[in-house]
Amino acid sequence: QVQLVESGGGLVQAGGSLRLSCVASGRRFSSSAMDWFRQAPGKGREFVAGISGGGFTIYYGDSVKGRFTISRDNAKNAVYLQMNSLKPEDTAVYYCAAEMSTRPQRRGDYWGQGTQVTVSS
């Protein structure tokens with residue numbers, strides 16, 4: 001079992017930045033790929049970014065490429081999402097997810113509770 005706790009969401013103006021954090025416990029963190037997903041009101045869950053257990057393989061969703069950066073610190077059991085040049089359409093609940101695999105499969109096996117990000121125009 002894996003427990004995930006996200007933090008760092010909030011309200012920001014368009015063009016601004018936020019950094020989300022997710023701390024994991026319960027499973028050997030470095031063996032788990034980690035992902036960020038988001039879900040906007042009335043829409044399905046969208047893949048945002050994924051990173052392999054060792055941090056060497058990274059994927060991004062098309063809508064965030066060049067603006068968001070995923071990273072991890074295995075010594076702290078933490079994964080981060082740096083979000084720059086935020087747009088109103090980035091408004092969503094952001095979820096951290098852990099995978100059973102080491103390489104990201106864009107599939108969350110364990111989920112955090114989510115953190116709200118709101119971008120005002």
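Side chains included, hydrogens not; waters and symmetry mates left out as well; all remaining heavy atoms used.
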Report the distance from atom [atom1] of [X] to atom [atom2] of [Y], rounding to the nearest 0.5 Å.
X: Q39; Y: Q116; atom1: CD; atom2: CD; result: 11.0 Å
X: L81; Y: D35; atom1: CG; atom2: CG; result: 11.0 Å
X: F47; Y: W36; atom1: CZ; atom2: CH2; result: 12.5 Å
X: F56; Y: I51; atom1: CZ; atom2: CD1; result: 9.5 Å

For the hydrophobic clusters of this structure (ILVMFWY residues joined by side-chain heavy atoms under 4.5 Å, transitively), does one cluster hold both [X] and [Y]?
X: V117; Y: V23; answer: no
X: F29; Y: V5; answer: no
X: Y59; Y: M83; answer: no
X: I70; Y: V93; answer: no

So which heavy atom on V64 is nearest to which on V48, and how close? CG2-O, 3.4 Å

Indicate the atoms forming the closest heavy-atom contact of V79 with S71, along with that distance. CG2-O, 3.1 Å

Of all residues at least two apart in sequence or in a different chain, which pass the side chain to side chain donor-acceptor pair (under 3.5 Å) check with [X]?
X: E89; value: none
X: S120; value: none
X: T69; value: none
X: R106; value: none

Contacts satisfying ring pair (Phe, Tyr, Trp, His ring centres under 6.0 Å) that involve residues 71-121 (not counting sequence neighbours) are F37-W111

Kindly state each residue pair satisfying disulfide bond (SG atoms under 2.5 Å apart) with at least one member in residues 51-121, sequence neighbours excluded. C22-C96

Ignoring hydrogens and angles, write down the donor-acceptor pairs under 3.5 Å from the side chains of residues 7-17, residues two or more places apart or on other chains.
from, atom 1, to, atom 2, distance (Å)
S17, OG, N84, OD1, 2.9

Between E6 and G114 (side chain of the first, backbone of the second, donor and acceptor by atom type, cut-off under 3.5 Å), is there such a pair? yes

With a 3.5 Å distance limit and no angle check, can you tell me whether S30 reaches the backbone of G53 through a side-chain donor-acceptor pair? no

Tell me, please, which residues at least two apart from D109 pass salt bridge (charged side-chain N to carboxylate O under 4.0 Å, His left out). R107

Restricting to pairs with a member in [range], which pass salt bridge (charged side-chain N to carboxylate O under 4.0 Å, His left out), not counting sequence neighbours?
range: residues 93-105; value: none
range: residues 41-60; value: R38-E46
range: residues 67-78; value: R67-D90

